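Worksheet: the structure to be examined is printed underneath.
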Amino acid sequence: MADACVIGVDLGGTKLLAGTVDAELRVHHRAYRLSRRDAVLETIVEAVQEAREAARGEVLAVGVGVPCLVTPGSGVAMACNHFPLVDVPLRDLLAERLGLPVVVDNDGTAALVAEWRYGAAREAGNALMLTIGTGIGGGILAGGHVVRGASGAAGELGHIVIDESGPPCPGNCPNHGCLEAFVSGSALAIEGRARAEAQPESGLGRAVAAGREITGPLVTELAHDGDDAARAAVAVLGRRLGVGLTGLINVFNPEVVVVGGGLVAAGELLLEPARAVVAARALVPARDQVRIVVARFGDESGMLGAAALAFEVAGELESIG
């Protein structure tokens, strides 16, 4: 059992990451796939099989974080904003195909578990987790307990409304002006393209002239390189994030807000403007108590949290056996 491990899976709106993880949360192999709306189960199974083949020892269990509302305990995906998963018994279907114990939870909740137990929110009793990528995943810790709500639907922090007249929320959300519509990888690309058009002499403008596609990662890269237009685009998203965080901090009074996901690659260029908005708009004493920090595990928090949940399941099964 010395080399025993689990496999953690993080299913995102754009890509999937599966990792072979040992009991010290070290990742020994990573399997990447593009997310496919028409083949969600198949993509997860393929990635897990690759990770399993790379394992040095016995694989005890599989943990899967999905961007869905998940029924606690049963692993049923009740609804999903980015995939056609409605009342799908993911846990049971995956366990049958993989021949391993499987635990399924919301991806934002899984990321919260990793950061709370081992990362940037360690020892906190009240914390929020936001994972910002294709959309925004969320997790809530209150009084030392993960909050899942009456039916597992809590934690949809990306769907708080910051502009009732804003654009339609992406995916299956029926709302307008959600935080997710304003702060995401695609939102950064949109802002970057607008800046490139307005400032053709900028790094973003030159990238367009050279035929490059303006994506969130490219805007982030140019921002870190010092391009003023790219930095301004990231700052706009940071201020929007700050508006959303202000409402969340006023409601939950967390000790720490952890920001992860792909967009966290922008680091302080994103978080400093967010902190400035919170400092100006949130209520005391919450605004003076909260820390807004980058996730220790970056965009791998969800995968590692899913792995931690898998170790829990393996431990329970071992004790029963």
Side-chain angles (χ1 to χ4, degrees), residues 8 10-19 27 30-35 65 67 82 107-108 110-112 114-115 118-121 128-139 157-158 170 179-196 202-204 207 212-242 244-245 256-277 291-306:
D10 182 24
L11 174 66
T14 303
K15 62 184 179 181
L16 177 148
L17 168 64
V27 183
R30 293 171 174 83
Y32 297 92
R33 296 289 189 279
L34 292 177
S35 300
H82 297 286
D107 58 346
L112 171 68
E115 295 293 335
Y118 311 103
L128 298 177
M129 178 84 208
L130 283 83
T131 57
I132 308 176
T134 303
I136 296 180
L157 306 184
L179 183 62
E180 184 170 298
F182 289 100
V183 184
S184 66
S186 57
L188 182 56
I190 291 170
E191 188 66 31
R193 285 192 288 271
R195 299 275 171 175
S202 66
L204 283 173
R212 299 183 69 181
E213 180 184 2
I214 302 299
T215 63
L218 176 59
V219 177
T220 299
E221 176 188 336
L222 291 174
H224 281 303
D225 288 343
D227 181 57
D228 288 339
R231 283 180 171 242
V234 173
V236 166
L237 263 69
R239 290 192 291 272
R240 294 171 181 168
L241 175 61
L245 291 182
V256 59
V257 175
V258 182
V259 182
L263 204 63
V264 81
E268 292 302 308
L269 296 176
L270 178 75
L271 294 192
E272 274 301 320
R275 292 191 193 103
V277 171
R291 295 180 293 115
I292 302 171
V293 300
V294 171
R296 174 184 174 186
F297 301 115
D299 61 358
E300 293 194 343
S301 297
M303 182 268 287
L304 291 170

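Just so you know, these numbers come straight off a predicted model, no measurement behind them.
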Pairwise distance [atom1]([X]) to [atom2]([Y]) - rounded to 0.5 angstrom:
{"X": "I136", "Y": "L241", "atom1": "CD1", "atom2": "CG", "result": "7.0 Å"}
{"X": "L34", "Y": "T14", "atom1": "CG", "atom2": "OG1", "result": "8.5 Å"}
{"X": "D225", "Y": "R231", "atom1": "CG", "atom2": "CZ", "result": "9.0 Å"}
{"X": "T131", "Y": "L112", "atom1": "OG1", "atom2": "CG", "result": "10.5 Å"}

Sequence neighbours excluded, the answer for salt bridge (Lys or Arg N to Asp or Glu O under 4.0 Å) partners of R33 is E46, E50

Contacts of E191 meeting salt bridge (Lys or Arg N to Asp or Glu O under 4.0 Å) (sequence neighbours excluded), chain-then-number -> R195, R240

For a quick test of reading the model, state the closest non-hydrogen atom pair linking [X] to [Y] and the distance between them.
{"X": "A295", "Y": "G260", "result": "CB-CA, 3.8 Å"}
{"X": "G305", "Y": "A114", "result": "N-CB, 3.5 Å"}
{"X": "A187", "Y": "F182", "result": "CB-O, 3.5 Å"}
{"X": "G216", "Y": "A189", "result": "N-CB, 3.8 Å"}
{"X": "M129", "Y": "L157", "result": "O-CD1, 3.7 Å"}
{"X": "S35", "Y": "L11", "result": "OG-CD1, 3.7 Å"}

So side-chain hydrogen bond (donor to acceptor under 3.5 Å, both in side chains) across residues 291-305, not counting sequence neighbours, yields R30-E300, E115-S301

So, the side chain of H224 versus the backbone of G267: is there a donor-acceptor pair under 3.5 Å, distance only?
no

| field | Under 3.5 Å: donor-acceptor pair, side chain of D227, backbone of G203 | value | yes

### Task
Would you indicate whether the side-chain heavy atoms of V27 and L304 approach each other to under 4.5 Å?
yes

- Given the rule in the side chain to side chain contact (heavy atoms under 4.5 Å, CB included) test, do L270 and L237 qualify, once you have shown the distances and angles that lead to the verdict? CA-CA 7 Å; L270 178 75; L237 263 69; 4.1 Å; yes

Test side-chain contact (heavy atoms from CB on, under 4.5 Å), reference L263, set L188, L130, T134, output is L188

Does the side chain to side chain contact (heavy atoms under 4.5 Å, CB included) test come out yes or no for V219 and I214, once each step is laid out? CA-CA 7 Å; V219 177; I214 302 299; 3.7 Å; yes

